[in-house]
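As structure tokens, the structure follows; a few thoughts come after it.
Note on naming: letters A, B, ... go to the chains in the order of the sequence lines (proteins, then strands), and numbering restarts at 1 for each one.
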Amino acid sequence: MIAAAPIATPAVDLWAIAPIIALVATGVGLVLIRALLRRNQAVTPVCFSVAVVGLLVAAGLLARQWHRVRDDGPIVSLADMVRVDPFAVFLGIVIVAATLAGLLLAYAYLRREDLEAPEYFALLLLSAAGMLMMTTANDLVVVFVALEVLSIPLYVLVAFDRRRLRSQEAGLKYFVLGAFSSAVFLYGIALVYGATGTTSLSGIATFLAGNTLFEQTTLLVGLGLLLVGLGFKVAAVPFHMWTPDVYQGAPTPVTAFMAAATKAAAFAAVLRIVLTAFPQYRDDWRPILWVLAALSMLVGAVAALVQNDVKRTLAYSSIAHAGYILMGVYAASSRGREAALLYLLVYAFMAIGAFAVVMIAAPGPDDAKHSYDDYRGLAVRRPVLGGLLIFFVLAQAGVPLTSGFVGKLELFGSVAQAGETSDYVLLVIGVLSAVIAFAFYLRIAWTLVTAPDDDTAVAAAYSTRPRRVDGWTGIVLAGAAALTLVVGVLPGTFIHFARDAVFF
Amino acid sequence: MTLAALEITSSYYLVLAAMVFTIGAVGVLTRRNVLVMFMCVELMLNAVNLSFVAFARALDDVTGQVIVFFVLVVAAAEVAVGLAIIVAIFRRRRHATADDLRALRG
């Protein structure tokens with residue numbers, strides 16, 4: 001007779017996943033409130049307030065975790081599947097801040113576009129929960145589940161504008177390519193699992209350190225597929241095709257959220273997987289990252305140059321920025337990691353600020369008019385709004401005294417530090433890309449300060465009543481601008497913050 | 001030689017999985033009908049499931065089989081959202097092929 005062996009259950013430290021629980025609970029609670037207050041007029045403000053409170057709770061929990069993991073070392077829980085370390089908490093804070101911005105921007109936007117639906121808030125929080133899960137994931141299966149938990153609500157958010165075909169088209173494109181890339185990523189997990197017998201990141205590293213593989217093809221193909229899958233999510237060339245369409249078609253608050261938060265979450269997975277699971281194979285993955293970084297920087301900058309749509313230009317610029325951050329991953333040093341983390345933080349606020357202005361400034365009702373002609377003379381008509389957009393694009397270009405300059409300097413420095421010929425070639429490509437990028441950022445700025453040529457355009461521009469900046473959007477704009485400026489003028493604190501956060 | 005003498009090892013399943021995955025991937029990239037592209041993604045996911053089970057068998061480790069359940073759940077959630085988006089577009093357009101979706105260009 002077989003004695004029933006007790007089933008060993010792993011220790012669960014709820015404290016480690018408390019921020020994720022807070023976001024999921026709020027998201028599910030919102031759906032419930034929505035169902036209970038179906039006919040009540042106040043349902044949207046109530047849901048909005050609950051969502052803000054939930055996010056603030058998550059932010060508070062992350063702040064407490066930060067001190068604990070920085071001083072006492074990482075918390076590893078749930079059978080080694082979750083690892084809360086300074087790296088995860090840092091990116092978690094970036095993600096929660098970006099989610100808060102996505103939430104505040106949406107409040108007035110949804111009313112204006114006649115889309116008022118509390119489901120937006122719930123989807124946003126659930127997506128953010130998946131992103132937090134991704135930052136703490138220490139197992140490829142958890143990375144996959146987190147990838148889907150963050151992506152599936154995003155597909156809906158991108159297609160959220162039911163009346164605008166472009167939004168739905170963007171949602172469908174994002175969905176098909178997102179599902180395709182997750183399947184590729186999953187096949188990568190399967191091959192790595194087949195080669196090493198485990199999916200735990202630390203387990204893979206231990207196995208590879210202790211064993212010499214009889215044949216490496218399975219593992220290397222698996223690693224390659226993992227990078228392809230994540231390349232889609234970070235929007236690195238040649239896996240970037242969806243980015244301009246989706247960024248342009250999605251409702252603008254969703255675009256801001258995607259540019260800031262999805263990028264942070266996806267880079268969390270890239271950094272953690274290549275650096276903790278495959279450190280022995282750095283000579284194999286570094287050339288791949290070199291190519292991805294170089295192509296992203298060049299293609300992103302050159303393609304942005306020929307766009308006629310401000311939202312699309314910013315989308316291509318986000319591809320170039322992904323290339324810059326990939327340089328930090330390519331450096332494969334703690335300096336590179338620090339630079340990548342700092343850049344993810346500063347890029348989040350530059351992107352949110354720029355898209356927040358785009359959200360308000362576009363004329364017309366449908367969030368569809370974003371061509372350069374629609375923006376002509378904006379800084380003359382509305383100096384504050386136009387000035388802010390100029391400030392944010394110049395920050396993205398990396399003008400001194402803005403956060404973009406500090407971020408780029410750190411990234412270029414981390415690559416230069418390695419000091420091999422291929423590093424210098426990448427550095428030259430990076431600088432070249434930054435110079436090309438300067439051209440289209442200046443083109444945006446120039447468009448904003450020049451008045452329209454003909455009188456009809458002037459009349460048209462002035463005939464539409466300018467959109468009022470509501471309080472929540474004002475807070476987001478002020479916060480993003482303040483952070484972009486403060487990091488640029490006094491970078492010390494933030495560099496230390498990022499330096500504390502490099503530890504896995 | 002009788003058929004029974006032929007031993008089917010797990011590598012047969014892995015090769016089959018790789019072929020099905022490739023068929024699915026090529027399908028997503030070349031077919032124009034959104035529903036067919038969608039079915040090809042499912043084909044890819046199921047090919048991965050097959051290789052997970054084959055690896056689990058070869059490694060004598062249950063993890064691979066457990067992962068399959070996660071993948072099934074995720075695929076079901078994805079189907080729900082994907083079909084909802086397709087239906088939303090279909091209501092406006094009466095048909096759904098990738099060539100019709102070209103408002104976004106640049």
Answer with side chain, backbone, both or neither: which region of A/T198 has an atom nearer than 4.5 Å to a non-hydrogen atom of chain B? neither
More than 12 non-hydrogen atoms from neighbouring residues, nucleotides or ligands closer than 6.0 Å to CZ on A/F207, yes or no? yes
Apply salt bridge (charged side-chain N to carboxylate O under 4.0 Å, His left out) to A/E119 and list each qualifying residue two or more places apart in sequence or on a separate chain. A/R34
B/A84 portion near chain A, given a 4.5 angstrom heavy-atom threshold: neither
Exceeds 12 heavy-atom contacts within 6.0 angstrom, atom OH of B/Y13: no
For chain B, which residues of residues 216-229 of chain A have heavy atoms nearer than 4.5 angstrom: A/T218
Holding to salt bridge (charged side-chain N to carboxylate O under 4.0 Å, His left out), I want the full list of residues that pass it with A/D161, two or more places apart in sequence or in another chain. A/R164
If you tally heavy-atom pairs under 4.5 Å against chain B, which of A/A159, A/G194, A/P153 wins? A/G194
Is A/Y155 reaching over with its side chain to a backbone N or O of B/V81, donor-acceptor style, under 3.5 angstrom? no
Just verifying a value: how many Å separate A/D139 CG and B/I67 CD1, rounded to the nearest 0.5 Å? 7.5 Å
Interatomic distance, CD1@B/I85 vs CD@A/Q168, rounded to 0.5 Å, equals 8.5 Å
Heavy-atom distances under 4.5 Å only: say whether A/E148 touches chain B with side chain, backbone, both or neither. side chain
Closest contact, heavy atoms only, B/S51 versus A/Y187: OG-CE1, 3.5 Å
Hey, mind stepping through A/L186 and B/M44 against side-chain contact (heavy atoms from CB on, under 4.5 Å) and telling me if it holds? CA-CA 9 Å; A/L186 194 66; B/M44 292 167 75; over 6 Å; no
Taking atom CG of A/N211 as the centre, report whether more than 12 heavy atoms of other residues, nucleotides or ligands fall under 6.0 Å from it. yes
Heavy-atom proximity to chain B below 4.5 Å, by part of A/L177: neither
Can you name the nearest heavy-atom pair linking A/I152 to B/V74, along with the distance? CD1-O, 4.3 Å
Using side-chain heavy atoms (C-beta onward) and a distance below 4.5 Å, is A/S182 in contact with B/E78? yes
Does A/R163 CZ have over 12 foreign heavy atoms under 6.0 Å away? yes
Could you tell me which non-hydrogen atom of B/D61 sits nearest to which non-hydrogen atom of A/G197, and how far apart they are? OD2-O, 3.8 Å
Region of B/A88 that comes under 4.5 Å of a non-hydrogen atom in chain A: both
For chain B, which candidate among A/F175, A/F144, A/Y193 shows the most heavy-atom pairs at distances under 4.5 Å? A/Y193
Answer key: most heavy-atom pairs under 4.5 Å with chain B among A/G171, A/G178, A/A179 is A/A179
Residue B/A56 versus chain A: region with a heavy atom under 4.5 Å: both
Toward chain B, the part of A/V306 with a non-hydrogen atom under 4.5 Å: neither
Going by residue number, which parts of residues 16-23 of chain B are within reach of chain A, meaning a heavy-atom gap below 4.5 Å? B/A17, B/A18, B/F21
Just verifying a value: how many Å separate B/F90 CZ and A/L172 CG, rounded to the nearest 0.5 Å? 13.0 Å
pair B/V28-A/V176: side-chain heavy atoms closer than 4.5 Å: yes
